Amino acid sequence: MSSERRKPFPFDVFEPVWQAEWDAKKAFHTANPGDADFDATKPKFYVLDMFPYPSGSGLHVGHPEGYTATDIIGRYKRMNGHNVLHPMGWDAFGLPAEQYAIKTGQHPRTTTEHNVESFRGQLKRLGFAYDWDREVNTTDPGYFKWTQWIFLKLYDCYFDELSQKARPISDLAAQGLSRDDIDARRLAFVSEAPVNWCPQLGTVLANEEVVDGKSEVGGFPVERRPMRQWMLRITSYAQRLIDELAGLDWPDGIKMLQRNWIGRSEGALVDFQIEGGEKVTVFTTRPDTLFGATYMVLSPEHPFVESITTAPKRDAVLAYQKTVSSKSDMERTELAKEKTGIFTGAYAINPVNDERIPIWIADYVLMGYGTGAIMAVPAHDERDYEFAKLFSLPITQVVQPPDGKEWQGFCDDGIAVNSGFLDGLPTAEAKAKIIDWLAERRCGEQKINFKLRDWLFSRQRYWGEPFPIVWEADGHHHAIPESELPLVPPDLVDFQPTGTPEPPLSKATDWVQYSATARRELNTMPQWAGSCWYYLRYCDARNPERFVSREAEKYWMGGGKPGGVDLYVGGTEHAVLHLLYARFWHKVLYDLGEVSTPEPFQRLVNQGLILGEMEYTAFREGTGVLVSAKDVKDVREESVDGKVKLVATYKLSGQMVIGERVNEDDVEKVNAVFVLKSNPEIAVDARSFKMSKSRGNVVNPDTVIQQYGADCLRLYEMFMGPLEQVKPWSMNGVEGQSRFLARVWRLVMESDQEGNWSPSPQLKDVPTDKKLAKAINETIKKAGEDIEKLSFNTAISAMMVLTNTLTQAEVRPASVLITFMRILCPFAPHIAEELYSRLRLAFPALATSGFVADCAWPTYDASALVDDEVEIVLQVNGKLRDRITVPIAITKEDLEALALANDRVKEFIAGVTVRKVIVVPGKIVNVVAN
RNA sequence: GCUCACGUGGCGGAAUUGGUAGACGCGCUAGAUUCAGGUUCUAGUGAGUAACAUCGUGGAGGUUCGAGUCCUCUCGUGAGCACCA
């Protein structure tokens, strides 16, 4: 008992009380159109968090960052008379649960349920104003029924190029297409193409899930192999996914990432006749350099390679193909520096000048992009240049750099030269002209190419949504009837991957057999499936009839104008994957008339990563003991730049004695940024790292809540700095917020000798004086404006200023404190509720009954903000010389006269001539004199 | 290599249209209170000086009465992409 530190205010008592109170009264229940308590006169506001994957390790401090931000906005909008939708749920299918299950033998459903339970508890302890009645869980059959239903929508439509829209597949049947042709047009289709197979994970992966030839999860090698897989035709939407980014209020960086990922490039297809053979089509973005094409390169996997290779070259070509195919994607990119390749012995004819150009194969040409073949223009492409130099191939300059510069290797745009009928044309015109020329002769056409590949949508996993598809003995697939949804995965005891591409569901022999003739699809959907549409389900989370009712969707997603979720907050890690997939699904649903807006998320904000506490490392050259040994822990020898040096981790007990910045030339560059004031020989490097278990710098939100309270954690995370910025954790900073809240508490309450709290005698029901009126009105204004700007750190700072002013006031008008609680409520809801209720007890006439969270956001009185007097800065030649206080209504002339009569100003204009006086009313007077 | 973003005290960060640089918090210093303090309160805290002067927003130029803010160049840091023809 005695060892436990006394709490500066009893958050540990009142926080759970209010949380229970909100729960019991369903304080943040949100009504839908059609509900009895729905108020149609209010505007809607849909504020969304990226729902978490309920991992076994629980919430980390990054979660409450975004969640607190949306909670503040949501509560603020609520107080401002909006119908606010602010829900939470669980993205609970996925690899980690399954892998944990394999390790422990527990069913993934059990561990998932357990983890969800603990996540929900943690979030409730943070006091977020969620409508828990709308909680969703992607692994709930009532939820994934509709994930499967949406899949069937994708299965049952095709992309109509003419209207650039998805249309029902029945259109095609009406046109008399064959069954195979129809299957080949579906947005969800089966493909036999090479896919990313990860043997360790025992599953295939989407392109987006492979980073540098390794799996994004786990970092295992990934190989390409042809397999029969389900694909989603996201490429059809490539253009719309780019175009419709324009209207979104998203960070530029994320838009750019998506644009790059989709990778649109304009160019042309050009046919080259192979001598004594067929035509090879290449894609180029620079058709204007066709005259400079001196050789051609095919990807080693190109289907023509076999037929065109001449007999003498056959062995060498086969050997090269073999080396390339044995390389993993990773090796292929890692060894990107040196070019390799081999001549096939074949020649192609350049259509523009009938020149014979040799055909090579090289692994710098990728089968997956364009046509898998290029025309090489070494004079104007860096890669082709390198290759041509290496193999002594001819280089012909066909573009003259602008501004008369010399051609040196390669160049971008310029004027065409050595190019026959293109000579003299600037690049853009040359491109247009050559495309026309090629089109006339039917050996080329304009072409827009995308990097984006179709989305590989099946996984060989147990813990995911089964496909609502069956296969007939004749090899055809078809959908199961909607009435059979949800299709629940069979209960397996052994859900280990089979180690082969055969999915684990194959082990459920009874389940697999759908009918006498048909077997079920054994693959499952990837984790992304559930997160592609969860924001829609929140609008109408318990609807058994539809994935979301039309009215609810129309209301919350705001059919018409821009529409969509009003604010979506989450980390950058989903910049391409989730955000691209969700946009794609949404557009399909929009085309099919199932939703009312073309885009799901109107405004997106990325919260910045929270790094671990700053770490200080102190060291010095040579041997010897560090002087401030008591401050330095963990001294060890380490090799820095090949030399052994003394390195020490510097962990002061809450103190940090760091001196001035030193000249970088004077210290070792590796670590030294600072020197100790007490001992200039010791350099100290301060930096923070990503939180990780191995580094031991992970901060657990539960610990913070226990020690300082949920309000304090919320406030601290918002005060750290701008929401979108990367910032280091600081336990001292948390203390600071705790002190602030304790000061707020003591504005209202005071304690006696025994530590009992009672209302402060300084609180009085008195009229507000001018000074305090100004202070409270300024806070209302600034906090409100800052919340709108998501500038929470400055809003909190405004409340601190108010607190400091109130602390100094001898008498604190109760009405001011009551207003203050309404401002504080979105940020620190528990203490605001507690103090509001205590204020109401002491001053029943001044406060309304009910939650402070249900109060209206206070309005400020603009007249209280203006002073009678204003401080004016006096400058001479732009330098501050004095400040004077003048009546607000002073004329420009009088102000100028006052300035020139000022002693300090006179001092500085003595002996020189006044040239000009600049008067900015209410701000400054600048006297220009020389 | 390419693209984007960012450089402000000992630290995290504030600064409407160009108009008092450093709000607020941490840390630090001194004093008071307390049996005690990881308590609270008061004052101070960019450098520099006895005090002024002066110098200060990565660096160098420029525009302006006036620049953290606008322009040019340059250096550094972080993130993303990386044979995409």
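Worth saying up front: this structure is predicted, and the values here are computed from it rather than measured. Chain A is the first sequence line, chain B the second, and so forth, proteins listed ahead of strands; every chain is numbered from 1.
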- Residue-phosphate contact under 4.0 Å: A:Arg743 side-chain N/O, B:G25 OP1/OP2: no
- Item | From A:Val917, A:Val919, A:Leu900, residue fulfilling side-chain contact (heavy atoms from CB on, under 4.5 Å) relative to A:Leu895 | A:Val919
- Euclidean distance for P, B:A60 against B:G68 (whole angstrom): 13 Å
- Message: Classify A:Thr807 by what it touches in the nucleic acid, base, sugar-phosphate, or nothing, heavy-atom distance under 4.0 Å.
- Response: nothing
- Item | Nucleotide nearest A:Pro722 (side chain, heavy atoms from C-beta), chosen from B:G27, B:A85, B:A14 | B:A14
- Identify, between A:Ser730 and A:Glu871, the residue whose nearest nucleotide on RNA chain B lies closer to the 5' end. A:Glu871
- Return no unless some side-chain N or O of A:Arg739 is found under 4.0 Å from OP1 or OP2 of B:C26. yes
- Query: Looking for any heavy atom pair under 4.0 Å, which part of the strands does A:Arg746 touch: base, sugar-phosphate only, or nothing?
  - Reply: sugar-phosphate
- Query: Taking 4.0 angstrom as the limit, do A:Lys727 and A:Glu717 come out as a salt bridge?
  - Reply: no
- Go through B:U3, B:A85, B:C24 for me and flag the one nearest to the A:Met256 side chain. B:U3
- Message: Going by side chain to side chain donor-acceptor pair (under 3.5 Å), name the residues that satisfy it together with A:Thr235, two or more places apart in sequence or in a different chain.
- Response: A:Asp454
- Item | Distance between P atoms of B:G66 and B:G12 (Å, rounded) | 33 Å
- Task: Find the distance A:Leu723:CG to B:G13:P and express it as a whole number of Å.
- Result: 13 Å
- Message: Hydrogens and angles aside, do A:Ser791 and A:Thr794 bring a side-chain donor and acceptor to less than 3.5 Å of each other?
- Response: yes
- Once you round it to whole Å, what is the distance between P of B:C11 and CG of A:Asn793? 18 Å
- Note on the structure: Sorted by chain and number, sequence neighbours left out, side-chain contact (heavy atoms from CB on, under 4.5 Å) with A:Ala899 holds for A:Leu874, A:Val925
- Can B:G9 be described as syn, meaning its chi torsion is within 90° of 0, or is it anti? syn
- For atom C1', what is the distance between B:U77 and B:C70, given to the nearest Å? 24 Å
- Dot-bracket summary - RNA chain B, pairs being Watson-Crick or G-U whose distances fall under 3.5 Å, with | when paired to another strand: (((((((..(((......[....)))((((((.......))))))((......))..(((((..]....))))))))))))....
- Query: Starting at CG of A:Asp252 and ending at P of B:C4, how long is that distance when rounded to a whole Å?
  - Reply: 11 Å
- Message: Using atom C1' in both nucleotides, what's the gap between B:A53 and B:U3 to the nearest angstrom?
- Response: 48 Å
- Query: Quick one: A:Tyr716 OH to B:G12 C1', roughly how many Å, whole number?
  - Reply: 7 Å
- Listed partners of A:Arg746 passing side-chain contact (heavy atoms from CB on, under 4.5 Å), at least two apart: A:Ala742, A:Arg743, A:Trp757
- Minimum heavy-atom distance A:Gln737-A:Ile796, with the two atoms named: OE1-CG2, 4.0 Å
- Query: Quantified in whole Å, what is the C1' atom distance between nucleotide B:G9 and nucleotide B:U16?
  - Reply: 24 Å
- Task: Report the residue (A:Met375 or A:Gly253) whose heavy-atom-nearest nucleotide on RNA chain B is the more 5′ of the two.
- Result: A:Gly253
- Of B:G19, B:G38, B:A23, the nucleotide closest to the side chain of A:Lys923 is B:G19
- Query: What's the shortest heavy-atom distance between A:Asp384 and A:Val377, and which atoms?
  - Reply: OD2-N, 3.0 Å
- Message: Taking the C1' atom in each of B:A51 and B:G62, what is the distance between them to the nearest angstrom?
- Response: 37 Å
- Query: Under the side-chain contact (heavy atoms from CB on, under 4.5 Å) test, which residues partner A:Glu907, sequence neighbours left out?
  - Reply: A:Arg904
- For A:Glu810, enumerate each residue passing the salt bridge (charged side-chain N to carboxylate O under 4.0 Å, His left out) test, keeping only those at least two apart in sequence or located in another chain. none
- Task: Can you run down the ring pair (Phe, Tyr, Trp, His ring centres under 6.0 Å) pairs that involve residues 718-737 of chain A, sequence neighbours left out, and say none if there aren't any?
- Result: A:Tyr716-A:Trp729
- In whole angstrom, what separates A:Gln725's CD from B:G12's C1'? 9 Å
- Query: Would A:Thr281 and A:Asp271 count as having a side-chain donor-acceptor pair, cut-off 3.5 Å?
  - Reply: yes
- Base, sugar-phosphate, or nothing for A:Gly736, non-hydrogen atoms under 4.0 angstrom? sugar-phosphate
Listed pairs, N/O of protein and of nucleotides 79-81 of chain B, under 3.5 Å:
none

- Tell me yes or no: between the side chains of A:Arg264 and A:Gln239, is some donor less than 3.5 Å from an acceptor? yes
- Considering only the C1' atoms, how many Å lie between B:G13 and B:G27, rounded to the nearest integer? 14 Å
- Between B:G12 (C1') and A:Glu717 (CD): distance, integer Å: 14 Å
Report each atom pair, protein N/O against N/O of nucleotides 60-68 of chain B, whose distance is under 3.5 angstrom.
residue : atom : partner  : partner atom : Å
B:C65   : O2'  : A:Asn926 : ND2          : 3.4
B:C65   : O2   : A:Asn926 : ND2          : 2.6

- For A:Met731 and B:C26, give me the distance from atom CE to atom P, rounded to whole Å. 15 Å
- Among B:G12, B:U39, B:A85, which is the nearest nucleotide to the side chain of A:Asp381? B:A85
- Message: Could you work out, with side chain to side chain donor-acceptor pair (under 3.5 Å) as the rule, every residue matching A:Glu778, not counting sequence neighbours?
- Response: none
- Task: Select base, sugar-phosphate, or nothing to describe what A:Val282 touches, counting heavy atoms under 4.0 Å on all strands.
- Result: nothing
- Closest contact, heavy atoms only, A:Ile610 versus A:Met720: CG2-CE, 3.9 Å
- Message: Let's see if you can work this out: which of B:G25, B:G27, B:A15 has an atom nearest to the side-chain heavy atoms of A:Asn732?
- Response: B:G27
Strictly under 3.5 Å: I want the nitrogen or oxygen pairs between protein and nucleotides 49-58 of chain B, one per line.
residue : atom : partner  : partner atom : Å
B:U54   : OP1  : A:Arg881 : NH2          : 3.2
B:U54   : OP2  : A:Arg881 : NH1          : 3.1

- Just checking, any donor-acceptor pair under 3.5 angstrom between side chains of A:Ser299 and A:Tyr369? no
- How long is the line joining NZ of A:Lys727 and C1' of B:G78, in whole Å? 14 Å
- Query: For the side chain of A:Glu735 and the base of B:G38, is some donor closer than 3.5 Å to an acceptor across the two?
  - Reply: yes
- Item | Separation of the P atoms in B:A67 and B:A21, to the nearest angstrom | 10 Å
- With sequence neighbours excluded, tell me which residues meet side-chain contact (heavy atoms from CB on, under 4.5 Å) with A:Phe387. A:Tyr295, A:Lys339, A:Trp360, A:Ala362, A:Tyr364, A:Phe391, A:Leu393
